[in-house]
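Here is the structure we will look at, set down as structure tokens.
Values reported hereafter were calculated over all heavy atoms of this structure, with side chains retained and with hydrogens, waters and symmetry mates removed.
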Amino acid sequence: MHFPSKKDVWMAIIIWLSIFVFIIPPIFAIEPIGVIMLPSILNNKLITMIIMIVPALLLSWIWFDTGYKIEESKIMVKSGPYRKTINIKEISSVRTTKNPFAAPALSIDKIEINYGNFEIVTISPRNKDEFIYQLQKRNPEIQIDNHF
């Protein structure tokens with residue numbers, strides 16, 4: 001069962017603005033964008049475009065490929081190049097959080113999953129209730145924060 005990440009408007013603005021900042025200037029710049037102290041190879045417009053497009057592609061990958069998949073006894077977490085597999089039997093607790101720090105999530109409305117030996121992953125499935133239900137169905141021992 002696949003659960004796409006919830007996407008906040010503020011996150012969309014940040015990501016899409018960043019993508020356009022990385023792509024638009026190198027394409028329309030008359031003069032190569034460079035700094036005096038950079039090697040002369042970086043004053044080549046094509047090289048500059050390639051260097052600027054890579055972060056834009058990475059941000060696009062994160063935007064379109066962040067999600068969570070529950071299969072049998074595992075959760076697969078994907079966010080661009082980030083991949084993590086969690087054994088559902090190792091999950092000890094799940095709780096809501098508004099932690100703004102980096103996580104494979106596109107929303108501040110997240111759930112924190114505690115598993116293994118003091119390991120934590122924070123994710124933001126669009127349908128949190130169904131996600132938690134699927135976890136509990138596979139492991140009734142999971143302690144759930146009562147804010148769900």
Side-chain angles (χ1 to χ4, degrees), residues 1-29 32-35 38 42 44-148:
M1 179 172 260
H2 180 24
F3 295 88
S5 179
K6 182 176 181 181
K7 296 176 180 178
D8 286 348
V9 172
W10 67 271
M11 185 66 86
I13 292 168
I14 290 171
I15 287 180
W16 286 104
L17 188 62
S18 298
I19 288 171
F20 287 118
V21 164
F22 283 121
I23 290 177
I24 300 301
I27 292 173
F28 294 109
I33 299 170
V35 177
L38 290 176
L42 295 179
N44 181 317
K45 187 172 181 177
L46 180 62
I47 301 294
T48 303
M49 282 178 50
I50 292 169
I51 290 171
M52 297 297 275
I53 287 174
V54 168
L57 291 174
L58 180 63
L59 287 171
S60 298
W61 187 12
I62 290 168
W63 182 258
F64 291 111
D65 194 37
T66 297
Y68 323 101
K69 193 174 197 178
I70 297 178
E71 286 184 354
E72 302 300 318
S73 63
K74 297 192 182 305
I75 303 172
M76 274 76 83
V77 177
K78 287 187 347 179
S79 183
Y82 178 82
R83 304 282 191 261
K84 183 148 199 88
T85 302
I86 301 166
N87 185 338
I88 294 174
K89 294 294 180 194
E90 292 182 8
I91 296 174
S92 57
S93 65
V94 175
R95 70 180 187 95
T96 59
T97 184
K98 300 279 186 188
N99 184 342
F101 295 109
L106 298 173
S107 172
I108 200 161
D109 184 21
K110 303 176 192 173
I111 59 174
E112 182 181 276
I113 299 173
N114 296 291
Y115 66 99
N117 292 326
F118 308 106
E119 293 189 64
I120 296 172
V121 67
T122 309
I123 61 174
S124 64
R126 190 179 305 154
N127 187 344
K128 290 192 306 186
D129 293 332
E130 179 63 22
F131 187 85
I132 299 300
Y133 171 76
Q134 292 296 326
L135 289 181
Q136 281 190 304
K137 192 164 83 170
R138 289 165 173 78
N139 181 1
E141 301 293 315
I142 297 174
Q143 294 178 347
I144 305 295
D145 183 341
N146 59 2
H147 291 92
F148 283 104

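Between Leu135 and Ile144 the shortest side-chain heavy-atom distance does not fall below 4.5 Å. Contact check for Ile111 versus Ile123: side-chain heavy atoms found under the 4.5 Å cut-off. Residues Ile88 and Ile70 are in side-chain contact: their nearest non-hydrogen atoms beyond the backbone lie under 4.5 Å apart.
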Would you give me the side-chain donor-acceptor pairs under 3.5 Å for residues 10-20, sequence neighbours excluded?
residue	atom	partner	partner atom	Å
Trp10	NE1	Asp8	OD2	3.0
Ser18	OG	Ile14	O	2.8

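Atom NZ in Lys6 sits 10.5 Å away from atom CG in Asn127 (nearest 0.5 Å). Rounding to the nearest 0.5 Å gives a distance of 8.5 Å between NZ of Lys89 and CD1 of Ile142. Separation of atoms OG1 (Thr122) and CG (Asn99) is listed at 5.5 Å; rounding is to 0.5 Å. The CG atom of Asn139 sits 13.5 Å away from atom NZ of Lys137, with the distance rounded to the nearest 0.5 Å. We find the NZ-NZ distance between Lys69 and Lys78 to be 7.0 Å, quoted to the nearest 0.5 Å. The distance from the CD atom of Glu72 to the CG atom of Asn87 is 12.0 Å, given to the nearest 0.5 Å.
Scanning all heavy atoms of the two residues, the minimum distance from Lys74 to Thr85 falls at CD-CG2, 3.5 Å. When all heavy atoms of Tyr68 and Pro125 are compared, the closest pair comes out as CE1-N, 3.6 Å. The two residues Arg138 and Pro140 have their closest heavy-atom pair at C-CD, 4.0 Å. The minimum heavy-atom distance between Glu112 and Ile120, with the atom names listed, is CG-CG2, 3.3 Å. The heavy-atom pair separating Val121 from Pro104 by the smallest distance is CG2-CG, 4.1 Å.
Listed by first and then second residue, the ring-ring contact (aromatic ring centres under 6.0 Å, His included) pairs that reach into residues 100-131 are Phe3-Phe131, sequence neighbours excluded.
Remark: side-chain polar atoms of Thr97 are not paired, donor with acceptor, to backbone N or O of Lys110 under 3.5 angstrom. Here the side chain of Ser5 pairs a donor or acceptor atom with the backbone of Leu106 at under 3.5 angstrom.
Within a 6.0 Å sphere centred on CD of Glu119, other residues, nucleotides and ligands contribute more than 12 heavy atoms. Residue-environment remark: OH (Tyr133) stays at or below the threshold of 12 foreign heavy atoms within 6.0 Å.
Qualifying side-chain contact (heavy atoms from CB on, under 4.5 Å) partners for Pro100, counting only residues two or more places apart in sequence or in other chains: Ile108.
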Evaluate side chain to side chain contact (heavy atoms under 4.5 Å, CB included) for Lys98 paired with Asp109, printing each intermediate quantity in order. CA-CA 5 Å; Lys98 300 279 186 188; Asp109 184 21; 3.6 Å; yes
